[in-house]
Amino acid sequence: MATTTGTAVNGLPTSGFTPPGLNGHSGHAYATSSKDANHERVQLINDEKQFTTELTSQIRRWGLQDAGFDYNVVAVFGSQSTGKSTLLNRLFGTNFDVMDESRRQQTTKGIWMCRGKEMNVMVMDVEGTDGRERGEDQDFERKSALFSMASSEVLLVNMWEHQVGLYNGANMGLLKTVFEVNLGIFGKKSAGPSQRTLLLFVIRDHTGHTPLANLQATLTVDIQRIWDSIAKPSDLHDAQLSDYFDLDFATLPHKLLVPEKFEAEVLNLRGRFVDKARSDFVFKPAYHKRIPADGVAFYMEGIWEQVQSNKDLDLPTQQELLAQFRCDEIAGAALAEFNEQARPQRKPVEGGRVVSGLGGMMRAWRSGALTRYDRDASRYHQGVYNRKREELVSVIDSTLTPLFHGQLKNLAKQSLVTFKKELLDSLKGDGYDFAEIVGTARKGCEQRFLEGAKEALVEGTDWSYDEDLTLLSEEVQLVADQCRKDETKKMVNVIERNFKRHISEPVEVALSKAAPSMWDDILKTFKSILTKAESSYLSKARSFNCTEEENATALANIRRRTWIVLRSKIDEQTSDTAFLTRLRSHFEEQFRYDETGVPRVWRPDDDIDGAFKKAKEQTLELIPRYSKIKPLDAANEYTIDSTSSESLATGEDDFDFASTLIIFSDIKAIDLSNRFRRDADAYYVEAKRSTVSSVAQIPLWMYGVLVVLGWNEAMAVLFNPLYFVTLLMALATAYIVWQLNLSGPLLQVSRTVATEVQRQATHKLREHFSEPALAQPVRNTTRTSQERRSKREDSDARYDVKVEPSEDTLH
């Protein structure tokens, strides 16, 4: 386990570490760049893949010979020139050589080891991967990576932020091989929770734009995908990544751009290696290999021998590597040209447009890309060429598939819109055959879709438009069904209007006559008109291809609606006002007219009471006749079963036919009888008054007496010009007033003037006869005047008359 012996604050050293000189490795078994033997470094494995024989003695010089299990081993892994040695020097105080920035060449060759400053930690600096010095020889990269992973407790994976998400840049291919071989060689030995290795990803030059959580999620998914894809031994088929490795992550800012933040984060990261109290302390017991310090050299040498002898780490042939590189390059160029051609057509298709000739364009793009790839890549390794060609075809088809399906979707939508328009336009005329119109429009719709879909197909793909055609046919059927329902509803409405027009006059005539067979006549007429309406519907419904169930539902709807129309007309004719008028008319006919239809002039000796009683009884007999629709002949009865399936299908579950037969309820009939009796009584009183007025007439001889006595006065008026003109003016004025209906306003004005004259006269008389108040003191003059004014106002108010406008004035 790691220990610290120097002065520190919160487990961290009080100062940073100065990197050693930049001189290259000398090639000796070990170098002494520091006088302190504790900081000597040793080349554990040289660039010739030879394991050193000096590790045991070097561990002794480091003072770790007797450390037992109180030590730790950490290694670094990553691409060349990514600052691995600098990171180790900053974290552990080692003195590994670092790269000369002006030369950008390989610094670490092979694998070097050094003890951490003031720490019981053996630090391995591993040669970087993907270096130009080794070129295509990646054998040492795989073996050194596997060795460092198998022998260390913590493996620092050093990488740049921009390498996250890359496959080769992040060394994912190398990790896949190392995982696979590590599981095959050391899986049984290291299986179990006590033999895991921590992979600590240190992400360099982190700008902060992408949160660590997102970078962590990306790397975790990539590592897990690699683990799932490796070939596992049969007895470890269900082995999980967490059984052998733990993943952890840390970030460091840019060393040159923000050196202060870089050093601060390095100190923070160092704390995870030295401060055991921290929750994120990396050297956990589960990662320790449980090898005593004095046996580490033999343990590592044995691991290196196993790594060296393993054939699974052999690289593929140079021909395959070249083929992979060139085929990827050629496929990338062909794919770039293909994407450039396809890009302009994506927006129209996504916007819902049907692109004319899209199938021909897609075939040309695909054929051109494959032709270019075949021309340039077919001369390379055939296995790699065919594999990369399949990948290219898969990528091209995955790009074209959305265009194909989008084109089909737009075609279906356009075809459906055209189908609706053609159908509605054809239904505007008269005398059309609905089934023929729908069939023609549907055939044209599907034909247009098939032509466009076949044009969009690309040979060599598994594309199909059958599902889209099925969906289109279903949508077309839904539109046709809805249109048929609308036309049926429209036809039913027309039938209802025609029925209303034909039923109105017969109902009015029958109800006005009020004959005992009134309801028989009305129901006979109703059935006759309804039969014609049903025949009209059935004759038109044949062209709609309606099912028997639909016809039954429509006929039930017609019967219900026509009955409602009939009942509405009956309600209109039997409203309170109309029915009372009809009763009064019937009573007048019986009471005021004799059997021959001649108006009666009542005389004192006429039997007014008998005629009144007879007419009233005959009229009251009409109320029960109107109260309920009940024909005399049972054959004329009509009924609608409200519980039948046809009636329920119309959606009017609350339609109660029995209740529609009741015109007047009992209470309503009593109310109408009472109101009619009051009107009849008025007619009776009027008849009685007419007999009294005829008895009280002036005798004829009286007129003769008036003529004899007033003859001289009449002659004086007629022969006196002044009187005669005055009489003519009075008669003319009276005529004008009578013609203009001004008698009421004149009378009202006269009353108002008379009232005002009376009030003014009374006021003047009271002032004249009131005693003068000469004896009152002067100081009371004001009060006396006020009292006199008050009394006068009381007097005026007493005699004041409020004038109300008469009806004639308002008119």
Side-chain angles (χ1 to χ4, degrees), residues 577 584 601-602 604 675 678-811:
T577 303
R584 286 193 296 268
V601 177
W602 299 107
R675 293 168 65 180
R678 289 193 293 269
D679 294 339
D681 292 344
Y683 285 115
Y684 175 78
V685 172
E686 182 183 354
K688 283 292 185 180
R689 287 178 178 174
S690 66
T691 59
V692 173
S693 62
S694 64
V695 172
Q697 288 180 356
I698 300 174
L700 296 177
W701 56 267
M702 191 62 186
Y703 293 104
V705 172
L706 291 176
V707 170
V708 172
L709 294 178
W711 180 262
N712 293 331
E713 287 76 5
M715 292 300 104
V717 172
L718 291 175
F719 291 100
N720 190 324
L722 181 61
Y723 291 160
F724 184 72
V725 171
T726 304
L727 178 62
L728 289 178
M729 293 177 63
L731 292 175
T733 302
Y735 177 76
I736 293 172
V737 170
W738 178 73
Q739 287 292 330
L740 297 178
N741 198 21
L742 296 176
S743 58
L746 287 175
L747 290 175
Q748 185 63 36
V749 170
S750 300
R751 291 193 196 98
T752 304
V753 171
T755 303
E756 182 64 21
V757 169
Q758 181 184 5
R759 189 181 67 81
Q760 292 292 339
T762 302
H763 176 65
K764 294 295 182 181
L765 289 174
R766 287 187 177 183
E767 285 185 350
H768 178 73
F769 289 105
S770 63
E771 294 181 0
L774 300 176
Q776 296 295 331
V778 176
R779 64 177 177 269
N780 294 331
T781 301
T782 304
R783 187 180 65 181
T784 303
S785 300
Q786 292 176 351
E787 291 177 354
R788 188 183 303 112
R789 188 182 304 111
S790 177
K791 291 180 181 180
R792 184 169 60 250
E793 291 176 354
D794 293 341
S795 176
D796 294 344
R798 188 181 302 113
Y799 290 95
D800 190 13
V801 179
K802 183 177 182 181
V803 179
E804 295 291 341
S806 65
E807 184 178 356
D808 295 336
T809 304
L810 295 176
H811 288 294

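Basis for what follows: all heavy atoms, side chains included, without hydrogens, waters or symmetry-related copies. Remember, predicted model here, so these are calculated numbers, not experimental data.
Between atom CZ of residue R584 and atom CZ of residue R675 there is a gap of 9.0 Å, rounded to the nearest 0.5 Å. Atom CG of L727 is separated from atom CG of L722 by 11.5 Å, given to the nearest 0.5 angstrom. The CZ atom of R751 lies 11.0 Å from the CG atom of L746; values are rounded to the nearest 0.5 Å. The line from NZ of K764 to CZ of R759 is 10.5 Å long, rounded to the nearest 0.5 Å. For the atom pair I736 CD1 and L740 CG, the distance stands at 7.0 Å (nearest 0.5 Å). L742 CG to T733 OG1: the interatomic distance, rounded to the nearest 0.5 Å, is 11.5 Å.
Enclosure of atom CE in M715 by more than 12 non-hydrogen atoms of other residues, nucleotides or ligands within 6.0 angstrom is indicated.
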